[in-house]
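Quick caveat, the model's predicted, so the values are computed rather than measured. Order of listing sets the numbers, starting from 1, for every ligand and every atom in it. Nothing fancy with the numbering, it's 1 onward along the sequence.
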Amino acid sequence: MIRKKVIAGNWKMNKTAADGVALTKDIVAEIGRETGVDVVVCPPFTALESVAHVLEGQAIKLGAQNMHPEKNGAYTGEVSAEMLRTLYVTHVILGHSERRAYFAETDAFINKKVLSALANQLKPILCVGETLAERESGTTLAVVQRQVEGGLQGVTPEQLTSVIIAYEPVWAIGTGKVATTEQAQEVHAYIRDLLTKLYGAALAQKVRILYGGSMKPSNAVELLAQKDIDGGLIGGAALEARSFVELVKAAGAAK
Ligand code: 13P
């Protein structure tokens, strides 16, 4: 099964709208017509509209970093799926470990967002991953299983192929400590086995599972060559056009 690779840039709380436009223009100049890889940029909410204008007519897709599950209402500071859709957003990162850790997001709440995103034709990038303490205590696979099963509750087989899963070991995020290819592949294969149990092999083979955590051009080639690693969710290296473009090219060259 050949799955199209995905390279998604999570800018986190970085870049003003003007900075985001400049970065996006540089990326578009290099890979605006790249169609061999699904490329997604995920700016902060405040830069979505300006970046959307730069992406008009380009193959690169626009993603948000979070959303609220409700359609509208008294949720000060929040943004709904419908609001994102009107800004030409197609993807949304959900359940990032920073939101789980700093904003106390639970699997149940993340699941509501996943269902709301899908109901509004947004593709969720569902993030899962263990902390260092969890890895050291040998509970990595159990934690990832709970997060995948919790996040996908009620997702229908028809909807599953719109979901992208990102495995991001928390200890590898922003630390420069990348998971070894064996560590990453083990968890990716485990997630695919789990999807096979939940949805059957044919669908499980179609789901893209990305790796995230200190991924950069120097380590990407080896990671992207693993059987179950279908791309990357990139933090730091997505903030500069040169490294992001290199990652896209590495994904394009990967088998
Ligand atoms: P870094 O690439 O900076 O480690 O961040 C990864 C990440 O959290 C992407 O969502």
Tell me the contacting part of [X] for ligand 1: side chain, backbone, both, or neither, using a 4.0 Å heavy-atom threshold, strictly below.
X      : value
Lys216 : neither
Asn10  : side chain
Ser97  : neither

With a cut-off of 4.0 Å, which atoms of ligand 1 are near a heavy atom of [X]?
X      : answer
Lys12  : 5 (O), 6 (C), 7 (C), 8 (O)
Gly213 : 4 (O), 6 (C)
Glu168 : 6 (C), 7 (C), 8 (O), 9 (C), 10 (O)

Between [X] and ligand 1, does any nitrogen or oxygen pair lie at a separation below 3.5 Å?
X      : answer
Gly174 : yes
Thr175 : no
Gly212 : no

Just by modelled atom types, is the [Y] backbone N or O under 3.5 Å from a matching donor or acceptor in the [X] side chain?
X      : Y      : answer
Ser80  : Asn72  : no
Lys25  : Val54  : no
Gln65  : Lys12  : yes
Gln153 : Ala108 : no
Asn219 : Lys216 : yes

Closest protein heavy atom (residue, atom, distance) for atom 2 (O) of ligand 1
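The closest one turns out to be Gly235 N, 2.9 Å.
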
Give the residue and atom name of whichever protein heavy atom lies nearest to atom 3 (O) of ligand 1, and the separation in Å to one decimal.
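In this structure, atom 3 (O) of ligand 1 has Gly236 N, 2.8 Å as its nearest protein heavy atom.
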
Do any heavy atoms of Ala172 fall under 4.0 Å from ligand 1?
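Yes, that is the case, since the closest heavy atom of the residue is under 4.0 Å from the ligand.
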
Does ligand 1 have an atom under 4.0 Å from some heavy atom of Ala237?
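No.
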
Applying salt bridge (charged side-chain N to carboxylate O under 4.0 Å, His left out), run through Lys61 and Asp38 and close with a yes or a no.
CA-CA 8 Å; Lys61 302 284 198 300; Asp38 284 336; 5.3 Å; no

Taking all non-hydrogen atoms of both residues, which atom of Arg135 and which atom of Gln183 are closest, and how far apart?
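Arg135 and Gln183 have their closest heavy atoms at NH1-NE2, 3.7 Å.
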
Pairing donors with acceptors under 3.5 angstrom, does anything connect the side chains of Trp171 and Glu130?
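Short answer, yes.
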
Hey, are Asn120 and Lys71 close enough side-chain-wise for a donor-acceptor pair under 3.5 Å?
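Looking only at side-chain atoms, Asn120 and Lys71 do not form any donor-acceptor pair under 3.5 Å.
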
